[in-house]
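In what follows, chains are A, B, ... by sequence order, proteins preceding strands, each numbered from 1. The shown structure was predicted, so the numbers you read here are calculated from the model rather than taken from an experiment. The basis for the numbers below is simple: all heavy atoms, side chains too, and nothing from hydrogens, waters or symmetry mates.
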Number of protein chains: 2
Amino acid sequence: MTDDLRVLVERLKAVSHPLRLRVLALLAPGELGVCQVAETLQVPQSSVSEALKELRRAGFIVERKEGRWVFVSVVPQQELTPFLRGLLTEAGNLPKVLEDRARAKEVQALSLPSVCAKVQTVASMAPEAVRA
Amino acid sequence: MTDDLRVLVERLKAVSHPLRLRVLALLAPGELGVCQVAETLQVPQSSVSEALKELRRAGFIVERKEGRWVFVSVVPQQELTPFLRGLLTEAGNLPKVLEDRARAKEVQALSLPSVCAKVQTVASMAPEAVRA
DNA sequence: TGTATTTTTCGATATTTTCCGATATAAAAT
DNA sequence: ATTTTATATCGGAAAATATCGAAAAATACA
């Protein structure tokens with residue numbers, strides 16, 4: 001019968017997490033590559049990967065592969081559920097999210113290969129910038 | 001700086017929980033007494049009380065005292081944030097939530113004192129109906 | 001093929017959360 | 001005042017989740 005409730009709870013859990021919410025909100029304006037996300041948020045790349053896995057499981061984002069890169073983005077407009085639409089509206093006003101988006105713009109100005117290369121190493125030098 | 005993000009995450013966590021989400025959705029159509037909620041959902045009264053505490057902390061519900069009873073309800077319309085509004089819309093379609101609401105109607109047909117008295121004892125006899 | 005590069009999965013530990021009986025508090029009724 | 005009744009809080013064991021380095025897997029290109 002009904003574990004629709006459980007499904008909804010799982011989707012809520014997916015965003016009840018500082019990094020995952022940041023990532024989701026970061027993607028709302030448009031797709032980004034995985035390593036661009038890691039560089040923008042200054043978190044270990046593996047953490048971004050796990051966050052993306054959850055967001056994908058919850059049906060909030062989709063991915064597109066291009067060469068050796070993976071680009072992720074929020075699901076298309078018409079697939080936004082009421083709750084997700086509201087959440088993105090609300091998150092889009094948070095100062096931290098706006099900061100993140102500004103930083104993403106700077107990162108996007110760089111060449112993708114250079115950003116990805118940087119991410120490999122930088123993680124080990126940014127030990128506490130991790131938490132939200 | 002900004003831990004608006006953390007605040008939003010806390011609010012999401014508050015509803016990322018089967019019982020708390022059920023309680024919130026149950027209250028959407030209108031206020032109920034605490035023991036009516038416990039009886040409707042067939043969970044220990046202490047669990048309902050803790051669920052309500054979290055929902056209050058998150059700013060989703062308000063309480064009203066009348067005599068020895070406490071009635072709880074969702075915050076007024078105009079205070080609904082986009083995310084909460086969307087969530088209630090979405091939850092309001094779930095079969096389990098509709099079931100719960102139907103059961104609440106039956107419970108409301110009984111006298112409040114009798115329901116409250118029942119709740120005191122019934123909890124210990126419903127060991128596994130608790131989850132979701 | 002082999003090698004370099006990007007992303008995902010795994011493992012181990014630390015932290016947080018859940019759950020509910022027992023008990024405390026508060027407010028009415030006697 | 002004492003008792004009853006409704007709700008809140010506490011305790012603490014069990015379960016779930018977070019974290020991130022290390023290793024694996026996947027992909028392009030030489």
Query raised in the report: Between B:Ser47 and C:dC20, does any side-chain N or O lie under 4.0 Å from OP1 or OP2?
Result: yes
Requested in this report: Between C:dT18, C:dG21, C:dT7, spot the one nearest the side chain of B:Arg20, thanks.
Outcome: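 Closest of the options to the side chain of B:Arg20: C:dT18.
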Sequence neighbours left out, what passes side chain to side chain donor-acceptor pair (under 3.5 Å) with [X]? Give chain and number order.
X: A:Glu54; answer: A:Arg57
X: A:Thr81; answer: A:Arg11, B:Glu90
X: A:Arg64; answer: A:Glu31, A:Glu66

Report task. Please list, by residue number, the residues of residues 50-62 of chain A whose heavy atoms come closer than 4.0 Å to an atom of DNA chain C; answer none if no residue qualifies. Result ->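 Heavy-atom contacts with DNA chain C come from A:Glu50, A:Lys53, A:Arg56.
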Report task. State, without any angle test, whether A:Ser49 and A:Ser46 hold a side-chain donor-acceptor pair at a distance under 3.5 Å. Result -> no
Requested in this report: Answer whether the closest heavy-atom distance between the side chains of A:Asn93 and A:Leu98 falls below 4.5 Å.
Outcome: no
Report task. Flag the pair B:Leu21 / B:Leu87 as yes when at least one side-chain heavy-atom distance between them is below 4.5 Å, and no otherwise. Result -> yes
Requested in this report: May I ask you to say whether A:Lys96 pairs ionically with B:Asp4, meaning some side-chain N is under 4.0 Å from a carboxylate O?
Outcome: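 Salt bridge: no.
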Query raised in the report: Which residues pass the side-chain contact (heavy atoms from CB on, under 4.5 Å) test with B:Gln77, sequence neighbours left out?
Result: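 Testing B:Gln77 for side-chain contact (heavy atoms from CB on, under 4.5 Å), a comparison that skips the adjacent residues, returns B:Leu80, B:Arg85.
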Requested in this report: Specify the residues of residues 64-76 of chain A, ordered by number, for which at least one heavy atom lies under 4.0 angstrom from an atom of DNA chain D.
Outcome: A:Lys65, A:Gly67, A:Arg68
Query raised in the report: For DNA chain C, whose closest nucleotide is more 5', that of A:Lys13 or that of A:Ser114?
Result: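 Whichever sits nearer the 5' end wins; that is A:Ser114.
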